[in-house]
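The next block holds one structure in the form of structure tokens; read it before the comments.
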Amino acid sequence: MPETATLTQRVLRHPLLWPVLALLVLLLINVLVKPNFFDIRMQDGHLYGNLVDIVRNSAPVLLVALGMTLVIATRGIDLSVGAIAAISAAVACTRIVGAGDEGALTTAVLACTYALAVCIVLGAWNGFLVSVVGIQPIIATLILMVAGRGISMAITDGQITTVRNGWFSDLASGYVLTVPLAFIIALGVFALTALLTRRTALGMLIEAVGINPEASRLAGVRSRTIIWTVYAFSGLCAGIAGLVIAANTNSVNANSLGLWIELDAILAVVIGGTSLAGGRFSLTGTLVGALFIATLARTIPNIGIPSELNYLFKAVVVIAVCLLQSPKVRALFRVHRRGPSVPALAKGAA
Amino acid sequence: ACGSDSAGGDATASDDGSITMGFAQVGAESGWRTANTTSIQDSAKEAGIDLKFTDAQGKQENQIQAIRSYIQQKVDVIAFSPVVETGWDAVLNEAKAAGIPVILTDRAVDSKDTSLYKTFLGSDFVVEGQKAGQWVVDNADEADTDGDGKINVVQLEGTTGAAPAIDRGEGFADSISADPSIKVVASQTGDFTRDGGKQVMESFLQSGDHIDVLFAQNDDMGLGAIEAIEAAGLTPGKDIKIITVDAVHDGMQALSDGKINFIVECSPLLGPQLMDLAKKVLDGEEVEPRILTEETTFDQAQATEALPDRQY
Amino acid sequence: MERNEMTQMDLESSESGTRVPADRAPVIEMRDISITFGRVRALDEVSLRLYPGEVHALMGENGAGKSTLIKALTGVYSIDAGTVLVGGDEHAFTSPAAAQAAGISTVYQEVNLLPNLTVAENMLLGREPRRFGSINVRAMNRRARERLESLGIDIDPTSDLGEHPIAIQQLVAIARAVDVEARVLILDEPTSSLDADEVAKLFEVMRRLRDQGVAIVFVSHFLDQVYEIADRMTILRNGALVEERMVAETTQLQLVKLMIGRELEALERLDREVSATTADESGTPVLKAVGIGRKGSLEATDLEVYEGEVIGLAGLLGSGRTELARLLFGADTADTGEVAIGSSRRKLRSPRHAIDRNVAFSSEDRKAEGIVGDLTVADNMLLALQASRGWLRPIPQATRNQLVEQYMAALDIRPADPTALMRNLSGGNQQKVLLARWLITQPDVLILDEPTRGIDIGAKAQIQAKVAELAAQGMAVVFISAELEEVLRLSDRLVVMRDRRKIDERPNRDVSVSDVLEIIAGEARSEQEEGDRA
Amino acid sequence: MSAATASPAVSLWDRVKGYSPPSRFLPVIATLALFVGLFALGGVRYEGFSDPQVLLSLLIDNAFLIVLAVGMTFVILTGGIDLSVGSVVALSTMIAAKTLEMGWSPYLSMAAVLATGTLLGLLMGLLVHYFDIQPFIATLAGLFLARGLTYLISVESISISDPTFTKLAFKTVTFGDYYLRWTAIIALATVAIAAYVLARTRFGRTVYAIGGNESSAMLMGLRVAFTKVGVYVISGFCASLGGLLFSFYILSGNSLHAIGTELDAIAAVVIGGTLLTGGRGYVVGSLLGVLVLGLIRVLISFDGTLSSYWIRIITGALLLVFVVVQRFATRRQP
Ligand SMILES: Nc1ncnc2c1ncn2[C@@H]1O[C@H](COP(=O)(O)OP(=O)(O)OP(=O)(O)O)[C@@H](O)[C@H]1O
Ligand SMILES: Nc1ncnc2c1ncn2[C@@H]1O[C@H](COP(=O)(O)OP(=O)(O)OP(=O)(O)O)[C@@H](O)[C@H]1O
Ligand SMILES: [Mg+2]
Ligand SMILES: [Mg+2]
């Protein structure tokens, strides 16, 4: 049957095959250890279960990773996302606490808007350092990574600020039509990003800048503006993530909020198949990657791995996923079709 | 502890009468730590001591560098909260050679040469864990929420490898071993944060086994867990008994609200005692080599009472 | 020539009709080599025989599979089917390093050197002179200088390679390849951006090596060069072997027919009429540069470009043509002077300023400044148009398809697959895509720096015809090429450059190659005299 | 841009006057100048800062980081990155502490440390080169792995009391009133050896070649595979050597040691003028980068009046000023 043959072939060639497979394997492990892992029930009018938790908890990483994907596509990297998330949360929470009516919807909305505006400015600052001053992205964003924690601590005065605002809390624990609001927000940003990059020419221009900056410049691409925008967007995404994380516990701890989230986000991006060398990116891949990371986080307590073995387990999983993704290993699966090896030429074509 | 004898009387020793203290803080990783820092900065000002403060951002090597720079600046006394017990001999020897007395706060060092420091002021984490465990043993009936005769405990550990996490866990296990019906069924690190505590607790709740007691190694993880418990449709403090350590303001509030059942205090307000000690040391007075901070425990009623004048 | 006759005498008829040296065994023999990339069958049972002491031309259109065959031989690609015999024994190389170790020295098509290292290092990397195990930098620079001098290249071996124009880099790559004692020397389009002098020097070296018994593979789209240097040739078409022939027994017309599979009409017959209307410089120029210059690379230069004319920039390597073009486009910022385009007059700070005023520029360095390798051919083609529209206004799908299709057909881009990745195209086809990129923007002024670099003979004629046609429609074109004939054939006005400045400008009426060379030489002589007087 | 080519008539003085260093050294020179400037600033502002011992202490305190940065320089020069070094430091201290506790000979213990780090480096190198796994990810796995092994050995910290270790730890070289620990001398020696290897051996030049363009290097017939795996082996070795120096420094094994130190090492290398995309940079720059980061910390502890958050903000601000000034100092004609 030639029809099905081409279908399987298409599936086999699809770049998302391996990330999705890895995710499925991880879920399978969970089910094998705890057969009730997939159980979902209704609880107080919304869905409740491991999968729901995973989806909800994936929201912050997904948000950060979306911004990171675009930054990475331009050959950059954004280390400051964790600090920006902390600043965002700090700004929003102190505003809510300081507001006259702590529990009101308008208070929450105003505070969040204000916080996100700050984050866009911070992101744009990164973009300025990278594109105008010409500092290497890793250092440019390292500056805000270091200073940003200090700023967010200065805002909260180093204390854990607790807020009591039901609307704000709903950002993380609310449900819309039984689905966690946090995930809907993340999906919304995902859809918006996809729309903005794939329905306009933005995606292609970002990729061009990432693959060959000089050629793009000569072709008239406004690479400066693009880089600037992308960092600002990353700041915005990190800001939203910060709000979601803060809402999750109704509090902000400037010191630990979003700590090392940049590593998780980068990992999600890479698992999703986007190369750190810049260029082609896959937002859907990033989505899968973020779900993978959230699932991994849930797997550890679920299958009862002792705390001291957490890192070892993560190491094994990361190596396994990478090997799965490696073209060399994949070639072993496809025994019958021996393609020409193109050593290293595929990379650094620019 | 809690601010009993704060104001330092008349000025002490030292050439021009003023005392300079170098303090190397571990970091600012938690609300507890910030309260600790504030306490030290405030009481230094109050006691008229010139404080040189450094935050080592969680790294021992930074702390060592800071201490070294204090030696170069020839401060009168050095105080610090060691991140870990080990590895201080070299720099403490330098301080000794320079004739600068050293006071440890919050955590001991394991140096065999006790002449390297004058005294150690701080709590005992093992005892804190024991107190928490003792509560479960003492209230076994109440703690067995489903009445099956077995008490299933889940534990939220602090940062793996951190001294408080290790010691509190040890103390807790030590106490509950007295009662065979009490068993830790799951234990996982929540990194001392609310978010970590919430996420791990969510997973514990999903496992389907009944949980009687939650022991969170600090308030923050406990507070995060409370949210997870509420989201699961259970009542914290009733369906699941909760014990935590620290007694920060939010924790006390929850305790007073009945969401937590018992808190073991771990006071960060070491400032006044520290300044006192510093003056004594510089005056050449003898001080005890080990000074425990005065700490207590709170149940719900005590919390309601204590809450209004909690400083942190 | 003597040697040629000798070769002729040594030859005897073989069954296929071509003749091979009877007394020698081939150093390399490739038999029925096949390579497939995805769906593209790049090589289909191709065979190649190489004898010591011959220059063997590998001929074929763009995308015929020449470079692939070379990469298959030298271990860059692994072979799907077929055998390689080295000195009679079956042997397949697994990496370029292995091929080099076996005495095969190769210059690949694109310049594959390291811009971050010095010229000397690029030449001697991997075989630096050493003393007590450590690299002797002095000796290395000395040796590099000697080798460069013997090729007539006057550059500082301690300078970074990246500072030099692409032609110099190409020469360095050649210098690297001929520096080793090789049995086989492979040169994939080494002359694509060299001017006549450099080519002559290269041929001198090639002849010397051939006489020493080295087997040389030579790829070029310049038939004259092939006829000048090569003894035998293997002709490929669409990845398949057409024939192996003696050069001396094949006329150019026959060869072209073998390469493209049909007669080529109008070859060498682009008798462009120098248009009288534009050459008289009436009206206002569309582009006018006043005293434009840049420290270290171009002295202040004036240039006016009028509607509908083709300006040819002539000059030798490093004469500053590329720099002038880049300044006109704002690719580099000028230290002095300004550029007026249409009515606006300003210092160009970025290519965007120029593009917004309908100026287009195609760079000579297609690998570094042209292609966006990981994007598709379609995206590459539409990049400039899209960039000028801004990201918010994507080109509608229908328009996209229509434009891409139109230009793929017009420039005969192969494979005609808009979704193919740019980096997988053959060099010549990449060049065509880049040309299409700029034609699609329909500029008023089109600056082409070596647009025919690495383009096959058929396509070259097409491109020249296209340029003529565009000029006839009113576009102003600035045309740069290392091939003087081409410049002369196309341009209405000739600007001659030397030593980073303009030395002459004249209408292109009956100017011949030797006239241009005379102008350049004359200038040199007068300078010489001045120097002597001082 | 490049060195002025003086005609024979020009006097020596003119040549000295007209000498401008090759542009490739500019970043390192700028870093050095800024370092001196920063030091002068501290000397003016704080009492006791201008004491030469401050500089020597800087070397002593950062000896292990210098060694890490050296290894990192190799990796970054090829366009890669090594995130595992911090964890390998922790693992090294733990292996040293544990093996000594178990009664191993100190030299055997040191050998075990170095062998482990080198082996981990080798594994990551193989993942990167032969399985085409992006360096960031392969070494992130290495980070997890090394940290995980540390926890596996012991969650609690173990102190080192072995006499050989303590003797080595306290051994100093004195210059009059000033002293240097020999760990700092090892670090400086590592820099010197690395500088030699990078500048004067084929391996070193191939490192630069790979960073310039890997596929070109491959087509030029260089030993790409060997070199690429080699830099990770070197980085692994340097990380474990750094870990050993750290063990001497801290005399204990602890699973929480050196968290996030990889970022310090990377930052130092990049501040030292090495391009993260590879191909350009010098180990001497990395040494200066480490010293700059250390100096910023020393400045702050000399100040001593800043609260926790201001310390972070000022650190960021100083870093910013530094890289921006450095950037403009080294900006080539646009
Ligand atoms: N890595 C690759 N992946 C897919 N297709 C490829 C790859 N390399 C080459 N091709 C295809 O193989 C064919 C032969 O290309 P090759 O580069 O050998 O042509 P060529 O004869 O050298 O042409 P030119 O004269 O333009 O350089 C082309 O159709 C090209 O698109
Ligand atoms: N043979 C050479 N010797 C020294 N420098 C050279 C040589 N050729 C080129 N250059 C350098 O190139 C610069 C100008 O080159 P440019 O690329 O503008 O020339 P071009 O006429 O376009 O030559 P090409 O044929 O290489 O494109 C000069 O600044 C000079 O430094
Ligand atoms: Mg080719
Ligand atoms: Mg040119």
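To find a chain, count down the sequence lines: A is the first, B the second, and so on, and within it residues start at 1. The basis for the numbers below is simple: all heavy atoms, side chains too, and nothing from hydrogens, waters or symmetry mates.
- Of the atoms belonging to A/Gln43, it is side-chain heavy atoms, and not backbone ones, that fall under 4.5 Å from chain B.
- What you find for B/Ser187 and A/Ser307 is that their closest heavy atoms are O-OG, 4.4 Å.
- Of the residues considered (A/Asn57, A/Asn253, A/Asn302), A/Asn57 shows the highest number of contacts with chain B, using heavy-atom pairs under 4.5 Å.
- In this structure, chain B has a heavy atom under 4.5 Å from the side chain of A/Asn36, while its backbone stays farther away.
- Using a 4.5 Å cut-off between heavy atoms, B/Asp250 touches chain A through its side chain atoms alone.
- The number of heavy-atom neighbours closer than 6.0 Å to CZ of B/Arg107, taken from other residues, nucleotides and ligands shown, is above 12.
- A distance of 8.0 Å separates OG1 of B/Thr34 from CD1 of A/Ile160, quoted to the nearest 0.5 Å.
- The structure places OG of B/Ser207 at 9.0 Å from CG of A/Asn50, a figure rounded to the nearest 0.5 Å.
- For A/Arg149, no part lies near chain B; criterion is any non-hydrogen pair under 4.5 Å.
- Both the backbone and the side chain of B/Ala232 have a heavy atom closer than 4.5 Å to some heavy atom of chain A.
- For the 3.5 Å distance criterion, the side chains of A/Asn248 and B/Gln199 fail to qualify, holding no donor opposite an acceptor.
- Between atom CD of residue B/Gln57 and atom CG of residue A/Asn255 there is a gap of 9.0 Å, rounded to the nearest 0.5 Å.
- Proximity to chain A (any heavy atom under 4.5 Å) is shown, for B/Asp191, by neither the backbone nor the side chain.
- Residues B/Arg194 and A/Asn250 have side chains not in contact (no heavy-atom distance under 4.5 Å, counting atoms from C-beta outward).
- Of the two parts of A/Ile305, only the backbone, made up of N, CA, C and O, holds a non-hydrogen atom closer than 4.5 Å to a non-hydrogen atom of chain B.
- At a 4.5 Å heavy-atom cutoff, the contact between B/Glu157 and chain A is made by side-chain atoms alone.
- Annotation: A/Leu32, atom CG; neighbour count of heavy atoms from other residues, nucleotides and ligands within 6.0 Å is above 12.
- Looking at B/Thr160, only its side chain comes within 4.5 Å of chain A, counting heavy atoms on both sides.
- Neither the backbone nor the side chain of B/Ala186 has a heavy atom closer than 4.5 Å to any heavy atom of chain A.
- The parts of B/Glu202 that come within reach of chain A are both its backbone and its side chain, each placing non-hydrogen atoms under 4.5 angstrom from that chain.
- Atom CG in B/Asp220 sits 9.0 Å away from atom OG1 in A/Thr249 (nearest 0.5 Å).
- Contact check for B/Glu227 versus A/Ser251: no side-chain heavy atoms found under the 4.5 Å cut-off.
- Once rounded to the nearest 0.5 Å, the distance linking CG of B/Asp209 with NZ of A/Lys34 reads 6.5 Å.
- The side-chain heavy atoms of A/Asp53 and B/Gln206, taken from C-beta on, include a pair separated by under 4.5 Å.
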